[in-house]
2 protein chains.
Amino acid sequence: MKDLARELGMSVATVARAFHEGAAIAAETRALVLSRAAALGYQPNALARGMITRHTRIVGVVVSDLHNPFYPDALARLSEALQQAGCNMMLVTGGGRPGHPKAGGEMAALRLLLSYQPECVIILATTLSSAGAEACAAAGTPLLYLNRFPAAATAASSIVCDNAGGAAALTRHLLDRGARRPAFIGGLEDSSTQAERRSGFLSVCAERGIAPREHPAGAFSYEAGQEAALALLQGPEAPDALLCASDILALGALETARHRLGLRVPEALLVAGFDDIPMAAWPSHALTTLRQPLDAMLRAALDWLEPVLAGLPPAPALIRLPGTLVARGSTAVTTMMLEEQECPTP
Amino acid sequence: MKDLARELGMSVATVARAFHEGAAIAAETRALVLSRAAALGYQPNALARGMITRHTRIVGVVVSDLHNPFYPDALARLSEALQQAGCNMMLVTGGGRPGHPKAGGEMAALRLLLSYQPECVIILATTLSSAGAEACAAAGTPLLYLNRFPAAATAASSIVCDNAGGAAALTRHLLDRGARRPAFIGGLEDSSTQAERRSGFLSVCAERGIAPREHPAGAFSYEAGQEAALALLQGPEAPDALLCASDILALGALETARHRLGLRVPEALLVAGFDDIPMAAWPSHALTTLRQPLDAMLRAALDWLEPVLAGLPPAPALIRLPGTLVARGSTAVTTMMLEEQECPTP
DNA sequence: TTGAAAGCGCTAACAC
DNA sequence: GTGTTAGCGCTTTCAA
């Protein structure tokens with residue numbers, strides 16, 4: 001910038017003003033500066049700018065599990081939205097469950113992230129313990145949870161799908177289609193998503209007087225779904241319907257039920273998931289699921305972001321948006337089940 | 001930092017030194033500073049540090065298509081590797097093909113990224129036209145292509161899978177299993193990946209004296225695979241084998257062939273992909289594919305990164321690593337095909 | 001509308 | 001080992 005100023009015979013201050021929307025500068029001066037800058041490929045240094053203005057236009061994003069296809073999808077949309085808002089995304093990925101060897105690395109990465117003075121941190125994950133929230137609080141960085149409800153202690157904001165309501169709708173759907181021995185396959189033990197979905201399942205079972213079964217798969221992964229299916233579906237009194245805490249779990253269970261245990265879905269077993277990842281719609285799977293309202297969630301996130309980028313304190317929000325039940329072949333009513341329904345228990 | 005220095009009765013320089021590995025500072029002084037800093041949740045400002053040292057430890061990453069499951073996978077590993085190297089990742093996502101409405105946004109985002117003075121930019125994508133490379137060159141930022149071979153003009157480095165060799169191996173695999181009318185389903189028109197995979201296919205066809213067929217799907221997506229299958233597989237002289245330029249394409253084609261066209265795979269149609277995304281291994285799909293050597297590619301990327309982070313000019317590399325053919329059910333030899341093979345053309 | 005000058009938070013010479 | 005000083009590239013008062 002100093003070079004540019006010298007070359008154009010102006011002060012650095014004038015050159016700097018050319019790069020600012022509302023600055024007091026003659027239109028022609030600005031045009032001159034900008035054209036010369038473009039020719040040189042010059043751009044103001046965002047680090048230096050950030051130091052002075054105390055606005056970096058960096059948004060930190062923490063994603064725990066890119067292997068669950070829900071997250072790449074959400075991340076892509078979030079990234080697009082941030083780019084449109086003129087922000088830059090710093091990404092931290094964190095492997096696995098808290099207490100896991102990798103969890104430490106995640107915290108270190110978050111701390112490193114915070115040292116770049118991001119405008120805020122968005123946690124797009126079911127994990128990351130409260131330690132992360134504390135670190136953000138200590139740094140004075142606003143925190144938004146997407147798809148996770150914060151622990152009671154934190155002052156963070158949160159935007160989630162109505163997990164309990166969605167799971168309840170799915171459970172009713174399963175029961176209405178003739179399920180008599182439904183089971184819930186849980187995901188990551190200490191995630192709010194899992195807890196809420198489970199409670200939706202349990203409450204509908206209670207309401208209908210059905211004994212709930214469940215299996216803690218321990219993770220939101222295809223492999224966990226496989227293991228859960230193997231553990232649950234063998235033996236005489238096996239479940240006749242599975243509500244899985246996420247689609248990727250459901251697909252692992254579904255594939256295992258069909259191809260390893262030889263169970264027909266939906267004839268002998270109903271399966272439902274949660275999220276509506278792209279693979280759920282593939283005809284081989286045709287997985288009934290609850291579609292998360294991603295668009296609405298991101299819109300809410302951007303609304304939350306607006307004051308934060310303007311330097312104002314964020315409006316602490318706890319937003320819960322309803323999803324949509326998407327019924328597909330994995331819970332289709334077959335003739336066999338209709339007959340069962342007509343003459344329930346002997 | 002000033003506050004900390006005052007509180008501890010030291011100069012800012014001493015406090016600063018506590019945060020640097022090799023700095024000349026007494027062990028006890030350092031311990032004192034670090035413990036007080038930890039208590040306050042203080043961390044040095046990375047922006048200020050970056051300005052002086054001219055090392056930001058920011059690595060820019062451009063990903064074009066998070067909807068293709070290959071990329072989240074690669075991104076997750078890259079991110080982990082970068083975090084381990086003490087770097088922070090700035091992510092730019094870019095929608096679609098060049099010339100597309102979104103392509104402009106991608107360039108704007110890249111320019112914004114460059115203004116944060118990243119140590120380098122890694123392009124994890126088949127797209128992003130040479131304009132991106134020029135912008136990096138103008139900014140003096142080293143550029144590494146992962147999974148894309150650069151245009152002749154650029155000075156950028158590149159790490160790719162041996163696409164031509166892999167596609168050739170797959171083509172031989174298909175022909176050895178009895179394919180007589182193989183077709184290639186291409187992806188994004190102007191990507192090097194697509195061009196190299198296509199050339200591998202064509203050269204083996206030529207070598208074996210087989211007339212190649214092909215269909216330009218126009219994108220590396222499930223939907224493009226669906227459309228390609230519909231366009232190719234109807235009519236009397238339809239292909240009996242598909243080599244798809246990527247797994248996600250192949251899965252779109254495979255699902256459509258089976259569920260919409262009623263074709264049996266592998267009995268009536270062989271299908272192979274490229275990449276080895278997780279879904280390829282799911283039993284419903286059991287897709288034969290060529291596994292990209294992601295681990296080796298990332299290792300090579302880190303080797304390339306090392307001098308760059310040290311401030312040295314990067315060793316311009318054009319690294320091509322061999323993949324592994326993974327044979328699965330979608331190209332299994334069936335009795336029917338064996339018979340065909342035993343008495344080829346009447 | 002422009003220029004001069006101060007300073008954001010930190011590091012790196014250089015003295016001591 | 002530690003303090004002093006200058007300055008990274010920019011924005012932003014304040015005067016002109």
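Order of the sequence lines fixes the chain letters, A, B, ..., with proteins taken first and strands second; residue numbering starts at 1 for each chain.
In this structure, B:Tyr42 reaches the sugar-phosphate backbone alone: every heavy-atom distance under 4.0 Å involves primed, P, OP1 or OP2 atoms, never a base. If you check every strand for non-hydrogen atoms under 4.0 Å, A:Ala26 touches sugar and phosphate atoms only.
Which of C:dG3, D:dG3, D:dC10 sits closest to the side chain of A:Asn45 comes down to D:dC10. Taking only side-chain atoms of A:His20, from C-beta outward, the nucleotide of D:dC10, D:dT11, C:dC8 with the closest atom is D:dT11. Side-chain atoms of A:Arg17 lie closest to C:dG3 of the nucleotides C:dG3, C:dC8, D:dG1. Counting only heavy atoms from C-beta on, A:Ala13 has its side chain closest to C:dA5 among D:dG9, C:dA5, C:dA13. Comparing C:dC8, C:dT1, C:dT11 by their nearest atom to the side chain of A:Ile52 picks out C:dC8. Of the candidates C:dT1, D:dC10, C:dC8, the closest approach to any side-chain atom of A:Thr29 belongs to C:dT1. Listed candidates were C:dC8, D:dC10, D:dG3. Nearest to the side chain of A:Met51 is C:dC8.
A:Glu106 approaches A:Gly94 most closely through the heavy-atom pair OE2-CA, 2.8 Å.
Between atom CG of residue B:Leu82 and atom CD1 of residue B:Ile122 there is a gap of 5.5 Å, rounded to the nearest 0.5 Å. Atoms CE and CE, from B:Met1 and B:Met10 in turn, are 11.5 Å apart once rounded to the nearest 0.5 Å.
Of the side-chain N and O atoms in A:Arg49, none sit less than 4.0 angstrom from OP1 or OP2 of D:dC10. In this model, the phosphate group of D:dC8 is not approached by any side-chain N or O of B:Thr53 to a distance below 4.0 Å at OP1 or OP2. The phosphate of C:dG3 (OP1 or OP2) has a side-chain N or O of A:Thr14 nearer than 4.0 angstrom.
Counting heavy atoms from C-beta outward, A:Met89 and B:Leu91 have side chains that approach closer than 4.5 Å.
Between the P atom of C:dC10 and the CE atom of B:Met1 lies a distance of 5 Å, rounded to the nearest Å. When the C1' atom of D:dT13 is taken as reference, atom CD1 of A:Ile25 falls 17 Å away, rounded to whole Å. The CZ-C1' distance, from B:Arg57 to C:dC10, rounds to 17 Å in whole Å. Summarising the geometry, the separation between CG on B:Leu4 and P on C:dG9 is reported as 14 Å, rounded to the nearest angstrom. Across the protein-nucleic acid pair, B:Leu40 atom CG and C:dG9 atom P stand 16 Å apart, rounded to whole Å. In this entry the distance linking NE2 of B:His55 with P of C:dT11 reads 14 Å, nearest Å. Rounding to whole angstrom units, CG of residue A:Leu32 and C1' of C:dT1 are separated by 15 Å. The interatomic distance linking B:Leu8 (CG) with D:dT2 (P) rounds to 12 Å, in whole Å.
Relative to the six-membered ring of B:Tyr116, A:Arg57 misses at least one condition, a distance below 6.0 Å or an angle of at most 45° to the axis.
Put simply, the side chain of A:Arg54 and the base of C:dG9 share no donor and acceptor less than 3.5 Å apart.
Under the side chain to side chain contact (heavy atoms under 4.5 Å, CB included) test applied with A:Ser158, the options A:Leu318, A:Asn147, A:Leu144 reduce to a single match, A:Leu318.
Residue B:Val15 is the one, among B:Val15 and A:Ala46, whose nearest nucleotide of DNA chain D lies closer to the 5' end (criterion: closest heavy atom).
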